[in-house]
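Remarks on the structure that follows.
Both backbone and side-chain heavy atoms feed into the values below; hydrogens, waters and symmetry mates do not. Note on naming: letters A, B, ... go to the chains in the order of the sequence lines (proteins, then strands), and numbering restarts at 1 for each one.
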Amino acid sequence: MQLYLLLPPVISFVLSFSLAILVALREFKKPAYRLFVMFLVGTGLWALIVFAFRTSPDIEHATFWIQLLTPVDVFTCLVFWHFSVVHTRLKTPRWLPFAVYSFFLISVGFALADKVIIGVTTDQYGYLPITSIIYKLLSSLYYIFIVLGMVNFIRAYRRSVSYEERNSYLYFIVGVFLSVIGGTVDYLSIISSNVPPVGLVGNILFTIFATIATLKYRLLDVNIVIRKGVAYLLTSTVIALPIVGAIVLINQIVGQGNFTIWMYLVLLLLIAIGLQAIWLKMQNFVDRLFFRERYDFLKKLENFSREVHDISDLNKLGSSLVTLIGRALQTSSVQLFMATESGDFTLIASTGKDIQEIVFQNNSPLTRWMNKNKEILFRHQIDVTPQLQSLTIRERTDLANIGAELFIPLKTNKDELAGLLIVGKKRSEQPYSGEDIRRILTVSNRVAIELENARLYARETEMRFEMQRQNEQKTEFLHHVAHELKTPLTAIISSSELITSEGLTVNPEQKERLLVNINRSAWLMDKRVGELLDLARIQIGTLELKLEPVDMVDMVHDLTSQLSALFKNKEQTIETDIPESLPTVKADKERVEEILINLLSNANKFSPARGNITIKASVMRNMVLVEIKDSAQIISDEDRERIFNAYYRGGTEADRQRISGLGLGLAITKSLIELHHGEIGVKDNEGKGNNFYFSLPIWGIGEEKQASEFSALHREGD
Amino acid sequence: MLELEKDTIFQSGDSERIWKKFCGFLDLTVDEFMDVQKGLLEEQFELAGDSPLWKKLLNGQKPKTVEEFREMAPLTDYWTHYAKYIGDKQTDWISFKPAMWIRSSGRGGKLKWVPWTKLGLERYGDFGLGGMILACADKKGDVKIQEGFHVLTLMAPSPYMTGVTGHIEESRFNIHTVPSPEVSDKLEFQARMQLGFKLALRNGMDMVGAATTALIKLAENMAASSRKVKISPSMFLHPPMLFRMIRAFIRSKREKRTLLPRDLWHVKGITSGGADASIYRERLKYYWGKVPHEMYVLTEGGGLALQSWTKENMVLYPYQSFLEFISEEDWMKNQTDPNYVPKTILMNELQAGKVYEVVLTNFYGMPLMRYRPGDLIKVLALEDKNTGIKLPQIIFFSRADGLVDLYSIVRLDERTLWQAIDNMGVKYEDWSARKEYDNDTPVLRVYLELKETAEVKKLESMLHEKLREVCPLYEEAIQEMQTNPVRIVLLEPGSSQRYYENKRSEGADLAHLKPPHTNASDKVINTLLGK
């Protein structure tokens with residue numbers, strides 16, 4: 001008996017039983033695993049019987065063994081089908097497995113009645129069974145149930161959303177396919193004496209594939225396994241041809257038998273050295289042939305990597321990245337979101353859908369999860385990950401609108417999350433394979449640092465621009481200070497010159513007017529210098545507050561009556577809406593007066609004649625909220641952002657010409673409010689003007705906390 | 001008919017994903033739990049913040065952050081803050097069209113109606129399914145439940161929460177309640193129980209959901225009447241039923257005992273609720289073959305907590321309501337001075353060994369904010385090292401108005417009293433306890449209906465001893481007072497049944513058919529005494 005006929009059953013037997021023990025030790029409690037162990041035992045018995053049949057001393061023994069084979073075959077196939085049902089969690093009626101196992105009992109009956117194998121004969125490959133029509137019927141069961149098992153795995157493959165699970169099902173499908181080929185070879189060997197009975201090789205491969213798929217979760221992509229296998233087979237064949245040719249040729253020249261083993265070895269060595277270059281070329285050619293897509297992708301990536309080194313524009317870089325991924329993966333959409341200063345993720349570049357308005361906020365469960373885990377997230381994981389169950393309806397809608405399928409974190413070299421790459425579905429509607437994921441990761445890992453650099457560069461540029469702008473503002477401010485001081489100074493000088501000049505007669509009335517003028521100008525200069533000093537004190541942290549309980553009700557009433565003349569001049573009305581029960585605030589009385597005067601005089605200055613100004617106060621949490629609503633021109637969004645910056649003077653050029661000031665009032669006001677642990681801002685007064693609001697802490701609430709915060713602030717200042 | 005989105009993950013049958021989705025919250029850390037809670041509450045500001053009811057309660061303001069919300073929102077209760085706006089199922093004050101109005105009747109017997117959004121119901125369905133999975137699980141990740149599962153349900157029908165649960169699980173997960181929710185809704189409790197039992201005998205069942213006492217009663221009745229069980233000719237029309245009966249009969253005979261439910265059915269899990277679940281744990285295992293799994297559910301807030309697969313302490317559920325807690329000290333201060341506004345803390349501030357009152361705010365657009373359902377929980381530990389669960393381990397301690405105060409030293413809760421009464425070893429029908437005064441001396445009066453005869457004095461000293469055993473604080477109080485405060489009044493046989501009949505004729509729901517076990521009103525006691 002030839003070795004190639006005896007070796008497969010021995011290998012299959014040893015392998016099947018070893019794997020059965022391995023699986024049983026691993027997880028025997030689960031029904032699917034138990035069935036799989038039974039299946040492996042079945043294939044082991046199958047191999048054992050084949051071995052016993054082939055090595056039988058006579059036809060009588062061979063007949064005994066081959067009679068056993070049919071029920072074992074049928075049992076193994078039925079168990080495999082049952083396993084496929086349980087493993088893939090497909091729904092079947094509870095009675096169906098029992099009905100299916102009845103085929104096994106039928107096959108046993110027929111086997112015992114000698115109705116399956118009529119007899120045994122011999123051919124060139126050893127014993128050959130003579131089969132009945134019943135054998136053909138029963139062996140068709142082999143096909144039916146093995147194929148039904150495969151169908152189950154195909155159904156599960158289609159239904160599954162998990163890449164790992166789909167890959168595992170593919171292993172089964174490939175295994176079954178190989179087993180069916182093996183079975184067909186065996187079947188053909190029975191009906192035709194020209195075919196050797198080597199079908200067990202199919203079974204061996206089948207058991208290996210199925211066991212790997214059952215025991216391991218993360219498997220090598222089956223497509224890669226097949227492609228690589230075929231590629232190496234082809235390469236080896238092509239390389240083997242010249243070797244075999246050389247040996248045949250030399251044999252013919254030197255003569256068979258004169259060629260010793262060491263000569264073969266030397267020849268092989270020489271050929272190996274000589275063919276190395278060809279081997280590499282061949283390998284490259286086969287790789288290109290079988291991994292065209294990957295090859296092209298790597299080429300594109302290489303080009304892309306070269307290009308991005310020269311790109312410092314974040315938007316351009318992002319755009320190149322999403323285009324590359326979109327093309328490489330044939331996806332419906334790719335979006336690149338990058339982290340902003342606030343930690344939110346905003347859209348930088350996209351292909352496919354237009355989703356400009358979507359922002360992933362820094363406190364969103366999705367960004368929190370990505371920040372923490374920094375690994376690829378699949379869309380289907382979102383529905384089951386406990387931390388992501390709190391995604392809001394809006395966020396879920398956004399994700400659906402984006403058509404997001406994959407979320408890829410872009411990490412900096414400090415392992416911080418710099419950006420998010422969101423990839424939509426593939427155009428083919430197929431799920432992403434392991435190969436696709438590897439490609440995305442290759443790109444994202446390479447490009448993340450470039451993107452972060454570009455972002456930092458953009459930020460640096462912006463900061464440089466901001467500094468330049470501030471510098472210009474300061475220069476402008478110096479001009480302005482000089483002008484603001486020069487004007488009253490000129491008035492003082494000219495007035496005093498008039499008083500003191502000889503030869504010029506000034507009557508007492510004129511003198512009085514000139515002195516008033518000098519006095520007013522000096523006061524104005526004092527005010528401007530005072531503002532500058534205040535700002536300097538705040539900036540270096542030496543401004544001290546005298547905190548005490550301050551009654552805002554009285555203060556507002558006093559101030560409005562003091563300033564009533566100012567409003568009367570412009571025929572403006574001033575209304576107050578201050579509840580008598582308003583609690584006292586913890587504040588520096590003089591500073592709060594300063595704040596109110598500043599805001600009220602601004603309201604007076606910027607509101608038109610006959611305009612309306614309202615002061616409202618209310619309690620908001622632990623604070624008193626004061627609102628000053630004017631009827632001035634609504635401050636633009638751009639000005640609103642910068643109006644509290646020092647030296648900034650908003651409005652038009654005409655406004656700036658018309659209204660004097662250093663542009664420090666609101667900056668000082670803001671700093672004073674912040675020193676009180678309050679907040680200040682401006683918003684639209686329902687389209688009628690502006691609403692300047694500020695808050696101050698209520699006296700007696702959170703005393704200790706506020707005190708400690710306050711002293712901490714001052715220590716910092718010291 | 002309630003129409004909810006089918007859950008595709010449950011349909012997929014993928015155990016790993018099913019566990020992760022429905023029971024994965026058990027893997028959250030305290031910080032992650034809080035992140036989830038805060039995220040959902042901030043969404044609630046958007047969903048409910050503009051509703052007239054929220055505007056009314058928040059004086060027209062809309063909070064932006066959790067901190068702001070906790071500072072500006074008042075603590076609320078149903079009758080003061082909600083009854084006039086939603087008590088008659090009005091929709092003018094809420095910002096959504098309710099998918100369902102769910103009803104609850106409190107101790108006073110007054111009906112509370114709570115509107116539920118579709119999303120709220122779906123999330124409650126997820127909680128319920130999680131509970132079922134955990135009830136059937138023997139270890140982490142063990143998912144025995146699948147579509148087509150049959151659950152024998154012996155609870156109040158829709159529109160009570162328990163009945164609505166059946167509708168949701170059927171609609172969302174294709175889990176069949178036996179009898180079906182539609183049929184259940186139309187039947188009286190007895191008829192429902194009989195039909196459920198019959199259907200479970202005929203078609204089998206995978207799990208059972210009922211009040212613990214109902215399960216015990218059913219098992220005891222079965223054991224008592226097992227000798228009378230006969231194979232009737234009608235059983236031959238239903239071979240599975242016949243087979244089940246024969247198999248159960250053989251099993252019970254083989255073990256030389258009476259017929260028990262576990263002989264008839266191999267239930268995979270039992271879900272139950274109530275303070276008695278832990279007391280009857282072993283007895284239920286004996287009768288039904290499984291220990292019960294407890295869930296803490298409220299009509300006003302849905303699923304708040306549930307036990308893990310160990311069926312021991314409960315773990316708070318993050319996805320249904322925003323949870324705040326009032327410490328026992330603050331709660332007591334508020335009990336004595338109703339004007340005192342107690343402070344609340346969050347889950348990450350809970351301390352082991354302390355008792356807290358629960359305060360909840362609905363998610364998913366539903367209306368209740370900082371609502372006090374009047375329940376007390378006790379935190380036993382801050383995590384469970386055995387299971388690796390990093391969330392606080394709690395038990396339902398008592399109704400806030402259900403503690404019996406003795407000498408201001410010890411407050412006996414229903415569970416403790418029940419345990420002590422059960423430990424006496426006498427067969428009893430039901431009981432009710434409250435503090436009363438005998439000549440200005442406070443006593444613990446227990447109204448007890450026995451199934452056997454016993455001497456009152458002996459019972460009083462027995463209960464006293466058992467209370468000393470189960471409650472260290474009681475022991476402390478006794479040491480101080482040097483007296484036995486237990487006074488037992490034996491009720492006439494049938495008193496509990498009479499109360500039950502009275503209540504049923506008044507239309508009370510299942511949860512309130514029995515007399516309250518603690519602090520019952522004079523009216524209840526008089527009914528029990530037949531006055």
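The number of heavy atoms from other shown groups lying within 6.0 Å of NZ (B:Lys390) does not exceed 12. Heavy-atom neighbours of B:Phe243 CZ from other residues, nucleotides or ligands within 6.0 Å: at or below the threshold of 12. Residue B:Lys64 places its NZ atom among 12 or fewer non-hydrogen atoms of other residues, nucleotides or ligands, all under 6.0 Å distant. Within 6.0 Å of NZ in B:Lys62 there are more than 12 heavy atoms belonging to other residues, nucleotides or ligands. Around the NZ atom of A:Lys425, the shell of radius 6.0 Å holds no more than 12 heavy atoms that belong to other residues, nucleotides or ligands. More than 12 heavy atoms of other residues, nucleotides or ligands shown are found within 6.0 angstrom of CZ on B:Arg247.
Remark: A:Ser618 OG to B:Asn59 CG distance equals 11.0 Å, nearest 0.5 Å. Distance NZ/A:Lys372 to CG/B:Asp31: 8.0 Å, rounded to 0.5 Å. Distance check, rounded to the nearest 0.5 Å: CG of A:Asn363 to CD of B:Glu42 gives 5.5 Å.
Between B:Glu43 and A:Arg394 there is no salt bridge, since no side-chain N of the basic residue sits under 4.0 Å from a carboxylate O of the acidic one.
Note on B:Gly148, B:Gly24, B:Gly39: by heavy-atom pairs under 4.5 Å with chain A, the leading option is B:Gly24. Options B:Thr8, B:Asp27, B:Ile9, B:Asp14 differ in how many heavy-atom pairs under 4.5 Å they form with chain A, and the most are formed by B:Asp14.
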(message) Test side chain to side chain contact (heavy atoms under 4.5 Å, CB included) on A:Gln381 and B:Arg17; report intermediate values, then the result.
(response) CA-CA 8 Å; A:Gln381 284 177 295; B:Arg17 300 188 77 218; over 6 Å; no
(request) Evaluate the criterion side chain to side chain contact (heavy atoms under 4.5 Å, CB included) for residue pair A:Thr385 and B:Lys20; output intermediate values, then yes/no. (result) CA-CA 6 Å; A:Thr385 303; B:Lys20 210 171 167 191; 4.0 Å; yes
(request) Evaluate side chain to side chain contact (heavy atoms under 4.5 Å, CB included) for A:Arg368 paired with B:Asp35, printing each intermediate quantity in order. (result) CA-CA 9 Å; A:Arg368 261 202 308 254; B:Asp35 284 343; 3.4 Å; yes
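At a 4.5 Å heavy-atom cutoff, B:Asp126 makes no contact with chain A through either its backbone or its side chain. The contact between B:Gln11 and chain A is made entirely by backbone atoms, counting heavy-atom distances below 4.5 Å. For A:Ile393, the parts lying near chain B are the backbone and the side chain together; criterion is any non-hydrogen pair under 4.5 Å. In this structure, the portions of A:Asp383 lying under 4.5 Å from any heavy atom of chain B include both its backbone and its side chain. Neither the backbone nor the side chain of B:Ile18 comes within contact range of chain A; no heavy atoms are under 4.5 Å apart. Of the two parts of B:Gln37, neither the backbone nor the side chain holds a non-hydrogen atom closer than 4.5 Å to a non-hydrogen atom of chain A. Contacts of B:Leu119 with chain A are made by side-chain atoms alone, with heavy-atom separations under 4.5 Å and no backbone atom involved.
Contact of the B:Leu28 side chain with the A:Gln387 side chain is registered, since non-hydrogen atoms from C-beta on lie closer than 4.5 Å. Within the 4.5 Å cutoff, the side chain of A:Pro386 has no heavy atoms near those of the B:Glu32 side chain.
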